[in-house]
Novice: 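Before anything else, here's the structure in question.
Note on naming: letters A, B, ... go to the chains in the order of the sequence lines (proteins, then strands), and numbering restarts at 1 for each one.
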Protein chains: 2
Amino acid sequence: MKQHSNKPEQVTVAYQLLRWTVLVLPVALIVGSLVALFLWLLDKATKIRFEHGWLLYLLPVAGVLIYWLYRLGGRNAEKGNNLIMDEIHQPGGGVPARMAPLVLLTTVITHLFGGSAGREGTAVQIGGSMAAWTGKTLGLTQRDIRILLMTGIAAGFGAVFGTPIAGTVFALEVLAIGAMRYDALVPCLIAAVLADVVCSAWGISHTHYQILYTSTHLTPYVPFVKADLLLLLKVIVVGVAFGLTSFLFSWLIHAIKHNANTYIKIPWLIPVVGGVMIITMTFIAGTRDYLGLGVYSQSPDGISIVNAFRNTGTISDWSWLWKLVFTAVTLGMGFKGGEVTPLFFMGATLGHTLALLLGAPVDLFAGLGFIAVFAGATNTPLACTLMGVELFGADHVLYFAVACFTAYYFSGHSGIYASQKLVVSKFYSNPESGR
Amino acid sequence: MKQHSNKPEQVTVAYQLLRWTVLVLPVALIVGSLVALFLWLLDKATKIRFEHGWLLYLLPVAGVLIYWLYRLGGRNAEKGNNLIMDEIHQPGGGVPARMAPLVLLTTVITHLFGGSAGREGTAVQIGGSMAAWTGKTLGLTQRDIRILLMTGIAAGFGAVFGTPIAGTVFALEVLAIGAMRYDALVPCLIAAVLADVVCSAWGISHTHYQILYTSTHLTPYVPFVKADLLLLLKVIVVGVAFGLTSFLFSWLIHAIKHNANTYIKIPWLIPVVGGVMIITMTFIAGTRDYLGLGVYSQSPDGISIVNAFRNTGTISDWSWLWKLVFTAVTLGMGFKGGEVTPLFFMGATLGHTLALLLGAPVDLFAGLGFIAVFAGATNTPLACTLMGVELFGADHVLYFAVACFTAYYFSGHSGIYASQKLVVSKFYSNPESGR
């Protein structure tokens with residue numbers, strides 16, 4: 001810091017703030033707009049699939065198409081989120097710009113033909129690749145591109161879910177297990193807020209979920225002081241279940257990928273087999289509600305995230321497991337899309353089921369599952385607590401934190417992102433956790 | 001992790017969870033109860049001071065008493081919060097148990113005779129020293145005591161303000177600038193929640209503040225999507241001002257300490273001079289509203305934190321600066337207590353003044369200042385954002401984050417805790433900020 005020693009730190013900080021606001025502006029504009037386009041296309045694809053049920057039978061063909069597109073578009077783009085995280089940890093070959101159109105297109109194809117997948121991975125890859133492209137175009141140094149990559153993650157995440165603060169914290173928290181560095185705190189926040197504003201300026205709105213439950217045990221205004229201890233205990237119990245679900249999902253998706261690559265020697269056959277499996281499973285499950293995004297279902301009383309917040313008897317006891325298997329097969333066998341919306345689905349339906357089992361409020365526990373299974377699978381408990389606040393309000397922030405932290409604690413050290421670094425072990429007493 | 005390789009990680013995690021719940025229980029019980037006692041005594045002391053104005057003139061004598069108590073009680077307890085942080089960074093001689101009664105007693109004395117100070121430092125020291133005592137009594141290893149010290153901070157902070165989640169994140173975030181390690185995430189949360197429950201079970205209630213402002217520019221339910229961009233800009237501007245205020249306070253308190261030790265050769269004379277300064281300044285300011293805690297004032301329409309949230313014309317333009325100087329003198333010259341409630345005061349009154357200047361909602365900006373000056377002075381932007389949510393609700397969480405992150409960014413690298421480590425520089429482009 002010697003070069004700053006003869007002027008106040010604040011001058012440098014002000015300069016950096018202005019500089020990063022300017023640098024982040026194109027990232028936010030491009031990412032916000034592309035995410036808006038993506039969400040619009042996704043909505044169209046889902047509606048077309050609802051209208052034309054036969055599209056599902058073309059899923060194996062769609063798989064070949066996706067394989068072929070990635071083969072054509074360049075192999076390293078296939079590493080997706082992990083490539084972006086690797087480039088932040090240790091700059092290498094860079095994140096290719098073609099990752100954005102590739103992942104956008106193939107995710108929409110996956111959803112059009114009934115694959116079970118999400119949005120966040122796609123949005124983050126759009127964010128990362130467009131940030132890298134902006135950085136390269138502006139001739140920035142590797143160090144600046146690294147920060148810009150983080151702002152890309154924040155922008156993509158913030159825009160796709162309409163939760164800029166969760167997006168900001170996610171971008172910093174996701175890189176490592178057990179630690180967070182504030183390298184790019186303010187640039188990430190600027191990017192996430194602006195990308196969200198841009199995305200909604202395009203007319204995109206986000207589904208809103210409501211938790212109407214308010215405990216009578218709570219005092220007004222300071223509801224957390226007189227906590228409902230029995231409810232708190234139930235929240236810990238479901239938090240453990242959410243963490244184990246995250247663990248199961250991470251394990252299954254890795255196992256499917258590994259076995260597919262081991263036993264299916266012809267690469268393009270992998271998504272074909274995957275597509276056939278999805279079709280078969282749809283017949284066994286007897287419903288199409290586990291296909292696609294799952295935020296809402298074809299019939300208003302189907303199994304969906306929205307309906308998991310309502311106690312209308314539509315969610316079955318094993319809905320969470322069905323969605324888990326559908327998604328692990330879809331993403332493990334080479335289809336594209338994020339993991340997060342399916343994680344919301346698993347969490348919300350499992351929370352719903354456990355609430356009925358434990359005699360707890362269904363909407364609250366669906367909301368807890370929504371954020372906590374995600375927290376466990378991505379090892380981002382703080383981002384998910386903040387997401388709970390952004391989506392559901394502050395009334396239950398204590399339960400959000402308890403559920404997310406517990407799920408994080410019980411989800412193991414693997415998670416869905418292979419490129420996450422392990423900085424602090426979750427076993428506090430181990431030598432690794434010392435300083 | 002070899003010793004765990006033949007059983008699932010979750011078994012170890014479950015064992016650790018149970019183990020830490022048991023270990024943390026006595027810490028939470030003792031700290032929650034002592035903080036309740038402390039808050040009760042503080043309230044009594046404040047009321048007695050209101051009734052007996054002449055007590056202020058004994059402040060210099062009280063200073064000698066405090067000096068003498070610490071002299072008697074052992075010098076290293078005087079290092080306070082910094083000693084606890086040092087012991088977490090690098091275990092040394094341990095945190096003495098006598099720190100708790102010493103700091104409790106001397107803080108109450110400071111408040112009884114009109115020193116301008118807070119509560120959090122005291123609560124954190126009660127938490128840290130009682131955690132260390134528990135660890136020693138139970139014969140724990142240094143590594144476990146280190147984690148227990150963090151839970152003590154979380155418990156003290158969570159109980160004293162009634163904000164367990166902010167307390168949890170504060171305990172992890174305060175140790176270093178620019179980074180957070182999840183060493184003790186779950187034990188800290190358990191400790192903070194339980195200590196808060198214990199404290200309120202003793203009948204202690206916390207002041208509540210209300211931000212009634214809701215922007216008409218916002219869409220219902222998802223208020224942050226259509227953000228009010230002009231208001232956002234104003235929030236950034238006041239965020240910078242809050243950060244500079246944090247910086248000024250940290251600088252002034254260090255400067256006063258340094259100069260007092262340099263120029264006043266007889267140690268017990270330092271608090272005497274400090275007391276005389278406070279009395280003189282009270283006459284110059286023409287009000288006693290800058291003495292003590294400042295949450296509420298002697299007359300209902302005085303200058304106080306509560307009144308900063310109301311637009312009734314009681315807050316003067318320089319109230320924030322008066323409180324800043326009063327507190328820097330009180331704490332810099334050897335009186336005891338925390339810095340945080342005075343930081344709330346400076347922030348809320350500065351926010352109030354700037355809101356009137358910029359044509360912004362007074363209650364919102366008072367709330368932003370409340371959390372953001374604190375965020376800047378302690379370098380804990382995430383804990384303070386969560387504190388905003390816990391105290392004021394989720395409606396304005398975006399503004400909370402923007403104000404706290406901006407203030408953090410502009411407060412420099414010093415802060416009020418000398419034992420904070422600098423891990424990631426706030427200048428993103430510097431070599432130090434590389435991974």
Novice: Where on A:Tyr15 is there a heavy atom nearer than 4.5 Å to chain B: the side chain, the backbone, both, or neither?
Specialist: neither
Novice: Heavy-atom pairs under 4.5 Å with chain A: which of B:Cys199, B:Gly158, B:Ala179 has the most?
Specialist: B:Ala179
Novice: Quick check for you: to the nearest 0.5 Å, what is the distance between A:Leu386 atom CG and B:Phe400 atom CZ?
Specialist: 12.0 Å
Novice: Return the set of residues passing side chain to side chain contact (heavy atoms under 4.5 Å, CB included) with B:Leu17 (not counting sequence neighbours), or none when no residue passes.
Specialist: A:Tyr409, A:Phe410, B:Thr21, B:Val186, B:Ile190
Novice: With the side chain counted from C-beta on, respond yes when A:Leu382 and B:Met180 share a heavy-atom pair under 4.5 Å apart, and no when they do not.
Specialist: yes
Novice: Check whether A:Val402 gets within reach of chain B through its side chain, its backbone, both or neither, counting any heavy atom under 4.5 Å.
Specialist: both
Novice: If the condition is side-chain hydrogen bond (donor to acceptor under 3.5 Å, both in side chains), which residues does A:Thr378 pass it with, not counting sequence neighbours?
Specialist: A:Thr380
Novice: Hey, could you give me the OH/OG distance between B:Tyr182 and A:Ser425, rounded to the nearest 0.5 Å?
Specialist: 15.0 Å
Novice: At a 4.5 Å cut-off on heavy atoms, which part of A:Ala159 comes close to chain B: side chain, backbone, both, or neither?
Specialist: neither
Novice: Examine whether an atom of B:Thr168 lies under 4.5 Å from a heavy atom of chain A, and if so say whether it belongs to the side chain, the backbone or both; otherwise answer neither.
Specialist: side chain
Novice: Please name the pair of heavy atoms, one in B:Val397 and one in A:Ile165, separated by the smallest distance, quoted to 0.1 Å.
Specialist: O-CD1, 3.2 Å
Novice: Do B:Leu189 and A:Thr406 touch side chain to side chain, with heavy atoms closer than 4.5 Å?
Specialist: no
Novice: Tell me, for B:Glu173 versus chain A, whether the close heavy atoms (under 4.5 Å) come from the side chain, the backbone, both or neither.
Specialist: side chain
